[in-house]
Amino acid sequence: MPELPEVETTRRGLEPWLVGKRVRKVLVAEPRLRWPVDPQLPALLQGRTLLAIERRAKYLLFRFKHGTLIGHLGMSGSMRITKPQDETRKHDHVYIEFSRARQLRFHDPRRFGFLLWTEQDPALHPRLRKLGPEPLGPAFDGSTLADAARGRRVAAKSLLMDPAVVVGVGNIYANEALFRAGIRPSRPAGRIARARWDRLAVEVRKVLASAIEQGGTTLRDFLGSDGEPGYFVQQLQVYDRGGEPCRRCEGTVRRTVIGQRATYFCPGCQT
DNA sequence: CAACGGACCTGCCTGC
DNA sequence: TGCAGGCAGGTCCGTT
């Protein structure tokens, strides 16, 4: 499922097709997402012009003059541009028709994603209110991590994946950034030297920026809004590579579990 | 409060 | 071929 690079890839794919276009018709085929879709959504959107598509953390923000549609892709969600007459697929839950030829479809087999309408500033919405800084923005650096780690015993990986500390770093990129920074995922956060947090912050930025350039990572089912897979999978050093040779040393990538999430690291390269 | 486990849901893969 | 079990990119919530 989508982490920040996949969400950003989706946003960039949708933007040129939809921004400035007026909503003609909305159909909610399945409102039972992570949170129920507002039954008033069609009435709220019809006839309105989409002003911008922004991203905050892994949330997509569809801005209208009178409010914002907050979207999340959960573990298995995707958004694609189709023609209204294109064949529907199983798990196509919401259809938003813009021009005669362009329709946005929300597809999500596991239904962990959602679409929420809000008329307030989306930054103040309960889902977004407590989020930490953007990893690619100016407010994120080694001190962000070092400050959050002070006095805490959680694993470095859990800290990195805590959205109150920094947003957008999911399981793939947490594993990858820790490998690139040479930090063992299980190391207690409070016992990591400041210089190593600086290094980790740099690697987080690099791995996310690089993944965005590659259109994200496709493991099983992620497709960008154009239906193309992401190619960053070819750059993965440790994720999903348990038992395989390390790409940097003579060792073998190990798989463990931290916070109920699969965790991959090289015992030789990461301390 | 921090930390942890379980919950939500479907599909796909493995092994018997 | 069928079926049970484990696993999956995220996040929220309740309990210690």
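Just so it is clear, the values below take in all heavy atoms, side chains as well, and ignore hydrogens, waters and symmetry mates. Per chain, numbering begins at 1; letters A, B, ... match sequence-line order.
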The nucleotide from C:dT11, B:dG11, B:dA3 with an atom nearest the side chain of A:P109 is B:dG11
Review item, nucleotides 6-8 of chain B N/O atoms under 3.5 Å of protein N/O:
residue, atom, partner, partner atom, Å
B:dG6, N7, A:Q260, NE2, 3.1

(Q) Counting only heavy atoms from other residues, nucleotides and ligands, does the tally under 6.0 Å from CD of A:Q85 exceed 12? (A) yes
With A:F62 as partner, the option from A:L104, A:L45, A:T68 fulfilling side chain to side chain contact (heavy atoms under 4.5 Å, CB included) is A:L104
Among C:dG10, C:dT11, B:dG11, the one nearest any side-chain atom of A:N171 is C:dG10
A:L219 atom CG is separated from C:dC7 atom C1', nearest whole Å, by 13 Å
request  = Ignoring backbone atoms, test whether A:H91 places a side-chain nitrogen or oxygen under 4.0 Å from the OP1 or OP2 oxygen of B:dT10.
outcome  = no
*Between A:W117 and A:H66, how do the two ring planes meet: parallel, tilted or perpendicular, split at 30° and 60°?*
tilted
Atom NE2 of A:H72 and atom C1' of B:dC9 are separated, to the nearest Å, by 15 Å
Q. Once the angle between the rings of A:H72 and A:Y59 is folded into 0 to 90°, is it parallel (under 30°), tilted (30 to 60°) or perpendicular (over 60°)?
A. perpendicular
Self-check item: Side chains of A:R56 and A:V167 in contact at under 4.5 Å (non-hydrogen atoms)
Solution: yes
For DNA chain B, the dot-bracket notation using Watson-Crick and G-U wobble pairs below 3.5 Å, [ ] for pseudoknot-type crossings and | for other-strand pairs, is .|||||||.|||||||
In whole angstroms, the gap separating C1' of C:dT11 from NZ of A:K58 amounts to 9 Å
Rounded to whole Å, the CD-C1' distance (A:E6 to C:dA8) equals 14 Å
**Asked** Taking OP1 and OP2 of B:dG11, is either one under 4.0 Å from a side-chain nitrogen or oxygen of A:K90?
**Response** yes
Rounded to whole Å, CD1 of A:I258 lies from P of C:dA8 at a distance of 13 Å
A:R255 side-chain N/O to C:dA8 phosphate OP1/OP2 under 4.0 Å = yes
Between CG of A:D162 and P of C:dG10 the distance, given in whole Å, is 13 Å
Whole-Å distance, A:K157 NZ to B:dA3 P, equals 16 Å
Inset, instruction - In sequence, state the C-alpha distance, the side-chain angles, and the governing distance for A:E8 and A:R11, and then conclude on salt bridge (charged side-chain N to carboxylate O under 4.0 Å, His left out). - result: CA-CA 5 Å; A:E8 179 61 19; A:R11 191 196 69 76; 3.0 Å; yes
Here the gap from A:I172 atom CD1 to A:F232 atom CZ, rounded to the nearest 0.5 Å, amounts to 9.0 Å
The residue among A:R105, A:R102, A:R24, A:K25 that forms salt bridge (charged side-chain N to carboxylate O under 4.0 Å, His left out) with A:E97 is A:R24
The reported gap from CD in A:Q46 to CZ in A:R22 (rounded to nearest 0.5 angstrom) is 11.0 Å
| query | With a cut-off of 6.0 Å (strictly less than), are more than 12 heavy atoms of other residues, nucleotides or ligands near NZ of A:K83? | reply | no
*Which part of the nucleic acid, if any, lies within contact of A:F232, taking any heavy atom under 4.0 Å across all strands shown: a base, the sugar-phosphate backbone alone, or nothing?*
nothing
Have a look at A:R261 and say if it touches a base, only the backbone sugar-phosphate, or nothing, with a 4.0 Å heavy-atom cut-off. base
Inter-nucleotide P distance (C:dC3, B:dC9), Å rounded:
23 Å
A:E3 has its side chain closest, among C:dT11, B:dA2, C:dG10, to C:dG10
- [ ] Tell me, yes or no, whether the heavy-atom count around A:R194 atom CZ, taken from other residues, nucleotides or ligands under 6.0 Å, exceeds 12.
- [x] yes
Closest of B:dC9, C:dA8, B:dC4 to the A:R111 side chain is B:dC9
> Any chance the side chains of A:T217 and A:Y173 put a donor and an acceptor closer than 3.5 Å?
Replying inline: yes
Taken to the nearest whole Å, CG/A:D240 to P/C:dC7 is 13 Å
Within residues 125-136 of chain A, those residues having any heavy atom closer than 4.0 Å to DNA chain C are A:R127
May I ask you to say what A:Y239 touches in the nucleic acid, namely base, sugar-phosphate or nothing, with a heavy-atom cut-off under 4.0 Å?
-> sugar-phosphate
Checking B:dG11, C:dA8, C:dT11 against the side chain of A:M75 (C-beta onward), the nearest is C:dA8
Note: A:T144 and A:A139 closest approach over all heavy atoms is OG1-O, 3.3 Å
